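What follows is a set of notes on a single structure, which appears directly below.
Predicted model only: the values in this text are computed from it and were never measured. Sequence positions, counted from 1, serve as the residue numbers for this chain.
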Amino acid sequence: MAAIAYTVAFDGTEARLVEVQCSVSPGLPGFGIVGLPDKSVSEARERVKAAFGALSIAMPSRRVTVNLSPADLPKEGSHFDLPIALAVLAALEIVPADALERVVTLGELALDGRLAPIAGALPAAVAAAEDNRALLVPHPCGAEAAWVDAVPVFAPHNLREAVDHLSDRAPLGRTAAGALAETVHDLDLAEVKGQERARRALEIAAAGRHHLLMVGPPGASKSMLATRLPSILPPLTPQEALETSVIQSVAGLLSDGKISRAAPFCQPHHTASMAAMVGGGRNARPGQVSLAHNGVLFLDELPEFERRVIDALREPLETGEIHVSRANAHIRYPARFLLVAAANPCRCGDIADAARACSKAPRCGADYMGRVSGPMMDRFDLRIEMPQVSIEDLSLPATGESSATVAERVTAARAMQTKRFAGHPKARVNADASGRLLEEIAPLDQDCQSLLTLAANRLGLTPRGYHRILRSARTIADLDQSAEIRQPHLAEALSYRLPFGRAD
């Protein structure tokens, strides 16, 4: 007899439906799995046999063949254990075949029949909803998958409960969605003393998702400012929260079924490899640029990163996605993030201090910043030089605005952009605007156009740099709650594009 169960295989953040076909036929006893399984899927044979033994179910003295269709799609992961086991049980007429065909199942089997948690329950729920089927996942994953309201989610603790549910002997109740994770910001902008210009640049970056580069000596509060950026970002919209959570689900980072509406903040070390940054590795997992989707990617000590790793960011900065190519797979991950980078002006960091600068100045600064390519440098909308904070300033009480105050202006500016881009298929913030859309949202009067043309010629701006100034000026005007871009808005945007260390 043949039976069919349904599960999913992951292609990036997308879950693709897979048929698990099981046939029990006369012949020498054996258990074979075909359909391009990897090692973890092939090992499901032993886990399924052991789980059957725990339930006092004997494998038949016949040939058992399991086919994973489509056969040309790579199958990876231990979540195939449960659908394989249920397909075999349906072929043996222990589980009703018609009941099994109405659900999508995922789960890793322990040797005693318990179901262990797996990654990817959330995108699996999306796939089940699109195919109008219910979802059966291990109990620890139920609350996560239940965030997709359109699909009934059932979460057994072990294989026996799954069998009893499908057989209607002990139906399971529908699982409820997990709680919304609480967002707590312990760091506040008010703690940063001095650096008013950098604080302003941080506010503009948050309001329009403009990429920011801060250059200054050690101790200039670069990292301190960057780590406080999440405290002024608005909460994610429901759509953004779902997009971000799907990536975290595939990466196995969601815990207790809790979804957060706080923007993610990723800070990889400068020794991070290409696969760690953009994704890949043996199983082509999402990298830091995808985990930072809809949030912040902070690169401290930017010139210390490997050059090819830095240049690999150029694609996601322009397109909002990253493509990972492997011999047997081409995977696309979303990667629309706010890039914040920090760097010392030279390797020792003392080039601006006449009393401590090394004998190689000023060439040492140009050589150090030269590790970042010109095209990559051109992708930063805002670039600022930060002076060292004096000891006298550190002893004074903090006078800067709190994160809550700045966040109110950022939220108001984002609200203007939400209204502006309502109905647009891709653009959500000013940094997404390009081409005709940018011309529509950022028209300039004659005086502003003359100022921008003059500055473009003086600074040697590239077309990309020209457009980035327009986007920044639009965001500055939004922070000022102005419908039009005026000269002060444009002049401030231009001040953040002045070259330093090296020319564009």
Side-chain angles (χ1 to χ4, degrees), residues 1-9 17-35 37 41-71 75 77-116 118 124 127-128 131-139 142 151-175:
M1 181 180 176
I4 297 177
Y6 290 90
T7 186
V8 296
L17 210 64
V18 171
E19 279 191 7
V20 181
Q21 306 161 356
C22 179
S23 173
V24 179
S25 57
L28 291 175
F31 191 168
I33 300 177
V34 297
V41 180
S42 297
E43 290 175 346
R45 293 189 301 261
E46 306 306 322
R47 292 191 290 270
V48 169
K49 290 178 183 178
F52 281 6
L55 270 64
S56 301
I57 299 174
M59 289 294 295
S61 299
R62 287 179 287 176
R63 179 68 184 173
V64 177
T65 303
V66 173
N67 177 45
L68 307 176
S69 176
K75 318 299 188 307
S78 59
H79 66 274
F80 286 91
D81 291 4
L82 180 59
I84 289 174
L86 293 175
V88 174
L89 293 175
L92 297 177
E93 300 183 351
I94 297 175
V95 169
D98 58 340
L100 184 58
E101 291 183 5
R102 293 195 295 266
V103 298
V104 173
T105 60
L106 297 90
E108 177 185 332
L109 282 172
L111 299 184
D112 59 359
R114 287 179 294 108
L115 290 175
I118 45 88
D131 205 51
N132 198 27
R133 301 178 192 273
L135 183 68
L136 196 69
V137 292
H139 188 269
V151 59
V153 176
F154 304 99
H157 291 84
N158 49 55
L159 180 58
R160 183 181 296 278
E161 287 187 9
V163 171
D164 290 344
H165 170 74
L166 293 170
S167 303
D168 274 340
R169 286 194 292 268
L172 297 169
R174 184 168 175 172
T175 304

Do side-chain atoms of [X] reach the backbone of [Y] as a donor and acceptor pair under 3.5 angstrom?
X	Y	result
Lys75	Gly35	yes
Thr105	Thr7	no
His79	Val8	yes
His165	Leu172	yes

Can you tell if the side chain of Leu135 reaches within under 4.5 Å of the side chain of Val103, non-hydrogen atoms only?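 Heavy-atom side-chain distance check fails, nothing below 4.5 Å.
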Side-chain contact test, heavy atoms from C-beta onward, threshold under 4.5 Å: evaluate it for Ile118 versus Pro138 and give yes or no.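 Result yes, sub-4.5 Å side-chain heavy-atom pair found.
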Between [atom1] of [X] and [atom2] of [Y], what distance do you get to the nearest 0.5 Å?
X	Y	atom1	atom2	value
Cys22	Phe31	SG	CZ	6.5 Å
Asn158	Leu115	CG	CG	6.5 Å
Leu82	Leu136	CG	CG	6.0 Å
Arg45	Ile84	CZ	CD1	9.5 Å
Leu159	Leu89	CG	CG	6.0 Å
Arg114	Arg160	CZ	CZ	14.5 Å

Determine the minimum heavy-atom distance between [X] and [Y], stating which atoms define it.
X	Y	value
Val41	Gly77	CG2-O, 3.4 Å
Leu17	Pro70	O-CD, 4.1 Å
Ala5	Leu100	CB-CD2, 3.7 Å
Ala54	Gly113	CB-N, 4.4 Å
Pro156	Ala162	CB-N, 3.7 Å
Ser167	Ile94	OG-O, 3.7 Å

Please name the residue in the list Val64, Ile57, Val24 that meets the side chain to side chain contact (heavy atoms under 4.5 Å, CB included) test with Val88.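 Output: one option passes, namely Val64.
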Evaluate side chain to side chain contact (heavy atoms under 4.5 Å, CB included) for Val34 paired with Val66, printing each intermediate quantity in order. CA-CA 6 Å; Val34 297; Val66 173; over 6 Å; no
Do other residues, nucleotides or ligands put more than 12 heavy atoms under 6.0 Å from Asn132 CG?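 Open.
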Near Arg47 CZ, under 6.0 Å, is it more than 12 heavy atoms from other residues, nucleotides or ligands?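 Atom CZ in Arg47 is crowded, with more than 12 foreign heavy atoms closer than 6.0 Å.
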Tyr6 six-ring face occupied by Arg133 cation (under 6.0 Å, within 45°):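 Flagged: Arg133 positioned over aromatic ring of Tyr6.
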Ignoring hydrogens and angles, state whether a donor on the side chain of Glu19 or Ser69 is under 3.5 Å from an acceptor on the partner side chain.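 There is no such pair between these side chains.
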